[in-house]
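Numbering of ligands and ligand atoms starts at 1, following listing order. Numbers here are sequence positions counted from 1. For the numbers below, each heavy atom of this structure counts, side chains included, while hydrogens, waters and symmetry mates do not.
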Amino acid sequence: MTRLTEDVIWGVPDDRMDLDSKLLKTTGRTVKGIAMEAAGLEAEDYDFSAFRAAAVPVTSGLGIIGGFARSVAAITTRLGMPSTVTSRPDVAGFAEATDAGADIVMMSDDPLFMAYNTRERRYTDNSWGTAMGYSVCLRDAAGGLEGDDVLVIGAGRVGSWAVKILRGMGARVSVADIVYEKAEALIPYGARPCRDVERAVSENTLLLNAAPYIIPGEIIADGTIVSSPGVPHYYDLEGRTRCKAIIHDPLEIGTAVMAVNSAAYTIKREMRA
Ligand code: PYL
């Protein structure tokens with residue numbers, strides 16, 4: 001998982017990239033719509049105002065990323081969740097969130113970013129959220145994936161989840177990783193490992209790029225749809241010309257999916273009651 005930097009997420013608090021407009025064009029859904037679909041909430045819309053969210057900065061490991069907690073709180077606010085950033089980090093921040101009655105606590109150290117539902121004592125992690133969100137984006141942009149060939153680039157936590165999720169959507173999944181053994185480890189989940197990523201890219205028009213891999217445009221097939229959570233994110237002019245759609249954001253889709261999925265633990269329990 002590549003660590004974000006302040007300059008990559010600077011525009012998230014004010015929604016500078018206007019992600020909803022971009023996603024509506026390519027997938028027909030807003031961020032919230034993608035998140036609800038990813039969390040298995042059938043409703044067209046949902047009022048999340050009963051879920052109070054708190055983003056807790058965490059100083060462990062490589063420390064706080066400037067603007068990270070503020071970006072997370074802006075994302076949950078855009079979902080309709082009343083959101084705050086705690087004034088203190090770490091355990092004191094978690095205590096502050098708990099005392100304030102937060103229902104969803106968002107916090108990340110270097111290896112794990114979670115949305116913890118305090119009512120259900122369950123969490124959703126960002127790797128799953130990102131993989132699910134970007135798989136839903138690819139499926140919607142492609143008009144369905146049943147029986148279609150999809151190439152997943154990167155067999156890390158996001159790519160590995162994406163392989164399982166895309167297989168669940170009926171896709172025929174190939175996977176490439178700079179460490180071939182990591183791609184091979186996904187064979188039990190029905191994936192076909194590829195040794196030559198450039199050849200695999202040129203032979204596929206549905207890609208999920210979950211690696212810090214900058215794909216040279218000249219190997220991309222015309223009409224390709226790339227669902228691209230990986231950072232750093234860059235497609236050259238040739239790549240942008242050949243692609244039918246390139247779906248990317250640095251943080252929002254994965255964070256929105258995990259927050260909604262975490263709230264859905266409560267929603268689904270109450271539906272069963
Ligand atoms: C969750 C992001 C998505 C991509 N890479 C992941 C990353 O950068 N993880 C580290 C996040 C550290 C946050 C820091 C803070 O500001 O609270 N501990």
Determine whether Lys32 and Asp20 satisfy the following criterion, salt bridge (charged side-chain N to carboxylate O under 4.0 Å, His left out), listing intermediate values before the conclusion.
CA-CA 9 Å; Lys32 185 176 178 184; Asp20 278 347; over 6 Å; no

Verdict with supporting geometry, Tyr46 and Leu79, side chain to side chain contact (heavy atoms under 4.5 Å, CB included)
CA-CA 9 Å; Tyr46 194 89; Leu79 292 169; over 6 Å; no

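Within the listing of ligand 1, atoms 1 (C) sit less than 4.0 angstrom from a heavy atom of Phe113. The Arg3 neighbourhood of ligand 1 comprises atoms 8 (O), 12 (C), with distances under 4.0 Å to a heavy atom of that residue. Close contacts between ligand 1 and Pro57 involve ligand atoms 17 (O) [criterion: under 4.0 Å to a heavy atom].
Among all protein heavy atoms, the one lying closest to atom 10 (C) of ligand 1 is Asp109 O, 3.7 Å. Looking from atom 4 (C) of ligand 1 to the surrounding protein, the closest heavy atom is Thr2 O, 3.4 Å. Ranking protein heavy atoms by distance to atom 17 (O) of ligand 1, first place goes to Val58 N, 2.9 Å. When hydrogens are left out, the protein atom nearest atom 13 (C) of ligand 1 is Ser108 O, 3.6 Å; that is the closest non-hydrogen contact.
Listed by chain and residue number, His233 satisfy the ring pair (Phe, Tyr, Trp, His ring centres under 6.0 Å) test with Tyr235 (two or more places apart in sequence, or in another chain).
Smallest separation of non-hydrogen atoms from Pro229 and Thr130: CB-CG2, 3.6 Å.
For Ala69, the closest heavy-atom approach to ligand 1 does not fall below 4.0 Å.
Under the 4.5 Å side-chain heavy-atom criterion for grouping Ile, Leu, Val, Met, Phe, Trp and Tyr, Met106 is connected to Leu4 within one hydrophobic cluster.
Looking at Gly61, Ser127, Gly63, Pro229, it is Gly63 that brings a heavy atom closest to atom 14 (C) of ligand 1. Nearest-residue assignment for atom 16 (O) of ligand 1 (options Leu4, Ile65, Leu251, Leu62; heavy-atom criterion): Ile65.
Ring centers of Phe68 and Phe113: under 6.0 Å apart, within the cut-off.
Screening residues 85-94 for side-chain hydrogen bond (donor to acceptor under 3.5 Å, both in side chains) gives Thr59-Asp90, Ser87-Glu96, Arg88-Glu96 as the qualifying pairs, with residues at least two apart or on separate chains.
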